[in-house]
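Worth saying up front: this structure is predicted, and the values here are computed from it rather than measured. Values below: every heavy atom of this structure, side chains too, minus hydrogens, waters and symmetry copies.
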Amino acid sequence: MSKKSQFSHVYKKEMLEIFRDKRTFILVVFLPMLIFVGLILFYESLLTSSDNEVTVAVNKTADSALLNQLHEQNKEMTFEKVNNPKQSAAKGDANIAMIADEDALAKMEKGESASFILYSDSSDKNSAAAVGMLNAQLEVINKAVTADQLAKANISTQVLDLMSVEVKPLSNGSTEIEASRMMLTILLPMLLCLGVTIGAYPVVSELFAGEKDKKIIDALLVTPVKRGTLLFGKWAVAMTVSLFTAIISLAATLLVIFFATTHLRKALDAMSSPITIFVVGMLAVISFAALIVSIQTIAAIFAKSMKEANSYQSPIMMLAIIPSFVPMFISLSQTTTAMFFIPLANISFLLREMIYDQFVWSHLLATLASNLILASVFLILAKRIYSNNNYLLSK
């Protein structure tokens, strides 16, 4: 039997065993997909502002005329006078609390300073947004009273706006699109790296460490199939399952973004060719998967049991995910070609370029080359270890 036939036989045999195990199939395919959908919807909620009514607890001595003006500006904001506003907000009876001076509006109209203290829960997104809205409304009243005083003194109200500052992103996108792009830059690389790693590690552990638990490694080693052929066949199975998981996860991610989100979709709509991110993303994922599976293979060969193999896979999973956050600390304008030669992190840099519609082909080639070369080195090392009986037959 030729090496090609032996490889084909090993590959088919292991693939059938993997897909016969329904628990493994669910673990490596459907569970990651459900997790990814949940993460997408969670990140979408972070970009969605709350449209619910806001309740503000205020002290009983607060200026009623001022509160009426604030309510007229925003009908969804209601004010409730209580004995202890801060305590009321802390109990959850109100979104935020405000302590205002008595006759605050009258003081402002006389040119006197009025004091306002706002209390909010910094861990609550809606509470923080409510404080921002209320602060903006108070600023509107402040400018209106000041403008009225200036008019009475025959002074132009233009003195209130001697400086006009407008902040715009470097790219052509709007502020909402930029926020969506930034969120997708964090989310997409993390999901793809997680999908590849989750898809591979139970399969790799079962294929290599599982043989030692089942006491069938001795029988495999006396077969006429060479060690290298056995290794590459099993590695190819792990690669196939890993890529299958990544493809399903990426497809599900993009479909959910397109049909179930509003804010995250803006980032994809702003791209000149959204389908390109799927094609380029898969090319990058193939090289990334080859590297991760090779590392996981070495760890599984070293392990004496499934339990030990799984303990090795957890750090490898963290090793794969942590670099996906590197682009958060390096801006797009600071990214150089050399950074695309950094294994594991380069896929995040590449996907960010795709999301911001600034893709460069040389960066894709650098990513593929660095990951595949390093994967080949680890795979050759795995072959040498797999050929050593001290690692395979250790008790």
Side-chain angles (χ1 to χ4, degrees), residues 44-170 173-180 182-183 262-263 266:
E44 172 71 10
S45 68
L46 295 180
L47 294 172
T48 304
S49 59
S50 177
D51 295 329
N52 297 330
E53 292 185 358
V54 176
T55 302
V56 183
V58 297
N59 53 308
K60 287 191 173 183
T61 58
D63 191 343
S64 297
L66 175 68
L67 299 182
N68 289 334
Q69 286 195 24
L70 291 171
H71 181 67
E72 288 298 321
Q73 288 186 37
N74 187 351
K75 297 292 186 180
E76 294 181 349
M77 185 171 289
T78 58
F79 298 87
E80 293 182 359
K81 291 186 176 183
V82 295
N83 292 324
N84 192 331
K86 186 177 179 181
Q87 185 179 8
S88 180
K91 290 181 177 180
D93 297 332
N95 298 101
I96 58 176
M98 180 178 70
I99 298 178
D101 285 347
E102 186 177 359
D103 298 327
L105 191 58
K107 286 183 178 180
M108 295 170 63
E109 290 174 349
K110 293 177 182 179
E112 300 176 8
S113 176
S115 174
F116 299 90
I117 302 176
L118 304 181
Y119 296 96
S120 69
D121 183 1
S122 59
S123 63
D124 184 5
K125 180 190 69 170
N126 296 330
S127 179
V131 166
M133 288 190 296
L134 182 55
N135 193 34
Q137 290 175 227
L138 290 171
E139 184 62 29
V140 170
I141 293 177
N142 181 41
K143 284 190 174 183
V145 173
T146 305
D148 185 60
Q149 292 177 345
L150 291 175
K152 291 179 180 179
N154 295 321
I155 300 176
S156 175
T157 57
Q158 290 182 353
V159 296
L160 295 174
D161 300 306
L162 296 178
M163 181 184 293
S164 177
V165 179
E166 187 177 1
V167 180
K168 291 186 176 181
L170 289 173
S174 64
T175 304
E176 291 184 355
I177 292 177
E178 289 303 304
S180 302
M182 182 183 68
M183 195 66 73
T262 302
H263 299 280
K266 292 178 181 178

Legend entry - Closest contact, heavy atoms only, Pro85 versus Ala97: O-CB, 3.3 Å
Inset, instruction - Drop me the distance from Asp101's CG to Ser115's OG, to the nearest 0.5 angstrom. - result: 5.0 Å
Inset, instruction - Using atom types as modelled and distance alone, determine if a side-chain donor or acceptor of Gln137 lies under 3.5 Å from a backbone N or O of Leu70. - result: yes
Legend entry - Contacts of type side-chain contact (heavy atoms from CB on, under 4.5 Å), residue Met182, not counting sequence neighbours: Tyr356
Legend entry - Nearest-0.5 Å distance, CE of residue Met98 to CG of residue Asn135: 11.0 Å
Legend entry - Between CD on residue Gln69 and OG on residue Ser64, distance to nearest 0.5 Å: 12.0 Å
Inset, instruction - Look only at the side chain of Asn95 and the backbone of Ser127, and say whether a donor-acceptor pair between them is shorter than 3.5 Å. - result: no
Legend entry - Straight-line distance of Glu44 CD to Ser180 OG, nearest 0.5 Å: 7.5 Å
Inset, instruction - Measure the shortest side-chain to side-chain distance between Leu67 and Val56 over non-hydrogen atoms and say whether it is less than 4.5 angstrom. - result: no
Inset, instruction - Compare all side-chain heavy atoms of Val54 with those of Glu76 and state whether any distance is below 4.5 angstrom. - result: no
Inset, instruction - Measure the spacing between CG of Asp93 and CG of Asn84 and express it to the nearest 0.5 Å. - result: 11.0 Å
Inset, instruction - To the nearest 0.5 angstrom, please state how far the NZ atom of Lys107 sits from the CG atom of Leu66. - result: 12.0 Å
Legend entry - Close side-chain approach of Phe79 and Leu134, heavy atoms under 4.5 Å: yes
Inset, instruction - Measure from the side-chain N and O atoms of Asp121 to the backbone N and O of Ala90, and report whether any donor-acceptor pair falls under 3.5 Å. - result: no
Legend entry - Counterpart residues, side-chain contact (heavy atoms from CB on, under 4.5 Å), relative to Asn142 (two or more places apart): Met108, Glu139, Thr146
Inset, instruction - Could you check if a side-chain atom of Glu112 sits within less than 4.5 angstrom of a side-chain atom of Asp103, using non-hydrogen atoms only? - result: no
